[in-house]
Amino acid sequence: MNQKIQSLSGYLHEYQKSIHQPEKFWSRIASSFYWRKSWDRVLSWDFKGPDVKWFENAKLNITENIFEKHLFTHGDKTAIIWEPNDPNEEAIHLSYRQLFEKTCQFSNALEAEGVKKGDRVIIYMPMIPEAAIAMLACARTGAVHSVVFAGFSSSALADRIEDCQAKMVLTSDGNFRGAKNISVKAVVDEALEKTTCVETVIVCQRTKAEVQMKTGRDLWWHDVIKGQPVEHQAVTTDSEDLLFILYTSGSTGKPKGVVHTTGGYMVYSQYSFLNVFQYDQDDVYWCTADIGWITGHSYIIYGPLLSGATTLMFEGVPTYPHVGRFWEIVDKYKVNQFYTAPTAIRALQAHGLEPLEPYKLDSLKVIGSVGEPINEEAWHWYHDHIGKGNCPLVDTWWQTETGGIMISPLAGITPNKPAHASLPLPGIQPIIVDAEGNELKGNNVEGNLCIKFPWPSMIRTTYGDHQRCKDTYFSTYPGMYFTGDGVKRDHDGYLRILGRVDDVMNVSGHRMGTAEVENAINEHPKVIESAVVGFPHDIKGQGIYAYVICDMEGRTESGLIDEIKDTVRKIIGPIAKPDQVQIVSGLPKTRSGKIMRRILRKVASNDFSNLGDTSTLLNPEVVEEIIKGAKIQ
Ligand code: PRX
C-alpha cells in the first residue's frame with residue numbers, strides 16, 4: 001500500500017513526476033505487483049495507429065495479484081460481501097481464501113469444458129457472487145470475458161456474442177430484481193437462435209425458475225464444478241493480452257467492443273481505486289454499479305480486489321423493499337466508502353428526508369459519484385444528508401474506454417468543489433481544445449476534452465475493427481484521444497465536465513447512441529424515418545425523445561406510440577425505451593438532407609426560443625408543426 005498519496009502537496013508532487021518522467025513513475029507503481037517476468041519497456045506508443053503498449057513483454061496473471069499476493073497476509077479477510085435482493089435472505093461473506101478456491105474450482109471447470117487462453121466468454125448474469133467468480137476464472141485461465149448487462153435484450157446479446165465470436169456463455173436461470181423475478185436463461189436461448197459460435201452454456205441456479213436445458217450445449221454450474229480441485233495453476237498471460245471486451249454505445253452504428261489488456265489495466269485500476277477512495281485496510285467499500293458496466297469491472301471487482309479490499313456486491317435495487325434500502329445496507333455493514341450514480345441520488349432525493357431518519361450513516365468516510373454530470377442540487381443533498389457534511393465527495397469522471405478514473409478529487413486531499421470532477425489523477429494529461437483542435441490554455445476556458453498522453457488502462461482497440469477505434473477516438477484531433485465530452489476549466493483551474501458533445505445520450509448514467517435507438521425504432525414496420533435526441537430529465541439526467549414519421553394508414557397515434565416504445569425495448573432493452581415519442585409528418589432538414597438536430601433538441605427541451613434561421617431549411621414548415629405537437633405532449 002505504499003502507493004497511497006497522503007496530502008495535497010504529495011499529490012502535486014506525484015503529478016509532476018508522472019508527467020515529466022511517466023515511464024519512471026509507472027515503473028515504480030507497477031513494481032509493487034507480482035509479475036512472472038518483468039517488462040522490457042514500460043511504454044511504447046503512437047496515437048496515429050493507435051498503437052499503445054504498456055509493460056511490454058511482461059508476463060503475469062492478474063488473479064495472482066488478487067489471490068496469491070494476499071493469501072498469506074489476509075487469506076481470512078472478507079473479499080466480497082454479497083447482499084441479496086431480499087433482505088430476509090442470508091448474505092454471503094467470501095474470504096480471500098474462499099473466493100480463491102471458488103475461482104480455482106471454476107477455472108478448472110472452464111478448462112474441462114474446453115476453454116483456452118484467448119477464447120471469448122460472454123457473462124450474462126445477475127449480481128451474484130458467481131458473476132465475480134466467472135470474471136476471475138476467465139482471467140485466471142487467460143480467457144477474455146465480455147460481460148453483457150443482464151438487462152439487455154436477446155438481440156442486443158446476440159449482436160455481442162456474434163461480434164466477439166464467443167465460444168461460451170455463462171448465465172443464470174433467473175434474476176431477482178426488486179419485486180421482479182426475471183428470466184435470464186430464456187433470453188440467452190433466444191439469442192443463441194440467432195448465432196452459431198457458442199458451443200457451451202453454463203447456467204448458475206439462482207431463482208430456481210424452470211429453464212430449458214439443451215442437451216449437448218447447456219450445463220449446470222453446480223454440476224461442472226463437482227469434483228474439480230480447489231487449486232489451479234494460473235495461466236501466464238502477456239501484459240498486452242486481452243483481459244476483457246466491454247461493449248459500449250457510440251454516436252454511429254452498433255455498440256463497439258472496447259478492448260482492455262492485462263498489465264496496464266491491472267496497475268491503473270488498483271492505483272486509482274486506492275487513491276481516489278483512500279481505502280484503508282479495515283474499510284468496507286461499496287460501489288452500487290452493475291458488473292455489466294465498466295464501473296462494476298474496475299471498482300467492484302478488479303480495483304478493490306487487487307487492493308485486498310472488502311467489496312460489497314448488491315443484487316437488488318435502491319427502492320426495494322423500501323426507499324431506505326441503500327442506507328440500511330450502509331448501516332448494516334458499516335460501509336466506509338460509498339460510490340453511486342447521480343441518477344440514484346436524484347431518485348432517492350425525490351422521496352425526501354424521511355426515509356433517511358432510521359439510519360445513522362456514521363460509518364461513511366467517503367462518498368462518490370460516477371456516470372454523468374452531478375448537478376449542484378444533487379451534489380449538496382448527497383454531501384449534506386448522506387455524507388452529513390463531513391465526507392469528501394469524489395465526483396469521478398471517466399469512461400468505458402479509459403478503464404479507470406481519470407479526473408477526480410482524491411478523497412480528503414483535493415479540496416471539494418460542488419459538481420467539479422476537479423483535477424486529473426497522476427499520469428493523466430487532459431487538454432482542452434476548440435473545434436479546430438487548438439489548445440485552450442489557462443483558466444476560464446471551455447471546449448472539448450482530449451487526453452494527450454497514454455495512460456496504462458486506456459482502450460487498445462475496438463474488437464475486430466481497429467479502424468473504428470482510430471476513427472472514433474484518434475482522428476477528430478490527430479495526436480490526441482478525444483473523449484466526446486465538453487469541459488470547462490474554471491478560474492481555479494478545476495475541471496467541470498459539461499456532458500457529451502456528440503450524438504451520445506446519457507440516460508440514468510447509461511450511454512446510449514441516438515443512432516442505435518433510431519435503428520431500433522426503424523425496425524417497426526410502420527416507421528418511415530426517425531430522429532432521436534436527449535432532453536433534460538429531472539431524475540435520469542437525460543431522457544430519450546423520438547420524432548417519428550409513420551405510415552398512419554389504419555392506425556391510431558397512441559397505439560403506434562406504444563408499439564414503437566415496445567419495439568425499442570425488445571431490440572435493445574428497457575433502458576433504451578423512449579420517454580417521449582412524437583409522430584411528425586417531416587423532420588427539419590438542411591438542403592443537403594441533414595437532419596437539424598439542434599432544433600429537435602431545443603424543442604424536446606421545451607425551449608422554443610432562438611431556433612435560429614429556419615428559412616434555409618428544405619422544409620421550414622415542419623418546425624411549426626413539431627413545436628405545436630411538442631407543446632401538447
Ligand atoms: O459523458 C461522460 C459521462 O459518462 C460517459 C462515459 O460513459 P460510460 O463509458 O458508460 O462510463 C460511465 C462510467 C465511468 C462520459 O463520456 N460521465 C462519466 N462520469 C462522469 C460523466 N460526466 C460527468 N461527470 C462524471 N463524473
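Remember, it's a predicted structure, so these values are computed and weren't measured experimentally. Remember, it's 1-based here, ligands and their atoms both numbered in the order they're listed.
- Closest protein heavy atom to atom 7 (O) of ligand 1: Arg511 CD, 3.2 Å.
- Of the protein's non-hydrogen atoms, the one nearest atom 9 (O) of ligand 1 is Thr400 OG1, 2.5 Å.
- Using a 3.5 Å distance cut-off with no hydrogens or angles, the side chains of Asp283 and Gln337 do pair a donor with an acceptor.
- Looking at Arg601 and Asp503, a side-chain N of the basic residue comes within less than 4.0 Å of a carboxylate O on the acidic one, giving a salt bridge.
- Ring planes of Tyr481 and Tyr473: parallel class, angle under 30° (limits at 30 and 60°).
- A distance below 6.0 Å separates the ring centres of Tyr339 and Phe277.
- In summary, the atoms of ligand 1 found under 4.0 Å from a heavy atom of Val370, numbered by their order in the structure, are 13 (C), 14 (C).
- With a 4.0 Å heavy-atom cut-off, ligand 1 is reached by the backbone of Gln399 and by its side chain too.
- Looking at Glu439 and Arg489, no side-chain N of the basic residue comes within less than 4.0 Å of a carboxylate O on the acidic one, giving no salt bridge.
- A salt bridge is absent between Glu516 and Lys254; no separation between the charged side-chain nitrogens and carboxylate oxygens falls under 4.0 Å.
- Under 4.0 Å is where a charged nitrogen must lie from a carboxylate oxygen, and between Lys417 and Asp490 at least one such pair does.
- For atom 1 (O) of ligand 1, the nearest protein heavy atom (residue, atom name, distance) is Asp485 OD1, 2.6 Å.
- Contact between Gly371 and ligand 1 is present, with at least one heavy atom of the residue lying under 4.0 Å from the ligand.
- For ligand 1, one of its N or O atoms has an N or O atom of Arg500 under 3.5 Å away.
- In this structure, atom 13 (C) of ligand 1 lies nearest to the protein heavy atom Thr295 OG1, 3.4 Å.
- For ligand 1, the atoms sitting less than 4.0 Å from at least one non-hydrogen atom of Thr396 are 19 (N), 20 (C), 25 (C), 26 (N), numbered in the order shown with element in parentheses.
- Aromatic ring pairs are classed by plane angle as parallel below 30°, tilted from 30° to 60° and perpendicular above 60°; the pair Tyr477 and Phe482 is perpendicular.
- The contact set between ligand 1 and Asp395, taken as ligand atoms under 4.0 Å from a residue heavy atom, comprises 24 (N), 25 (C), 26 (N).
- With respect to atom 23 (C) of ligand 1, the closest heavy atom belonging to the protein is Pro373 N, 3.1 Å.
- The contact set between ligand 1 and Ile497, taken as ligand atoms under 4.0 Å from a residue heavy atom, comprises 22 (N), 23 (C).
- Ion pairing between Arg597 and Glu518 holds under the 4.0 Å rule for side-chain N and carboxylate O.
- Atoms of ligand 1 found under 4.0 Å from any heavy atom of Asn506 (numbered from 1 in listed order, with element): 3 (C), 4 (O).
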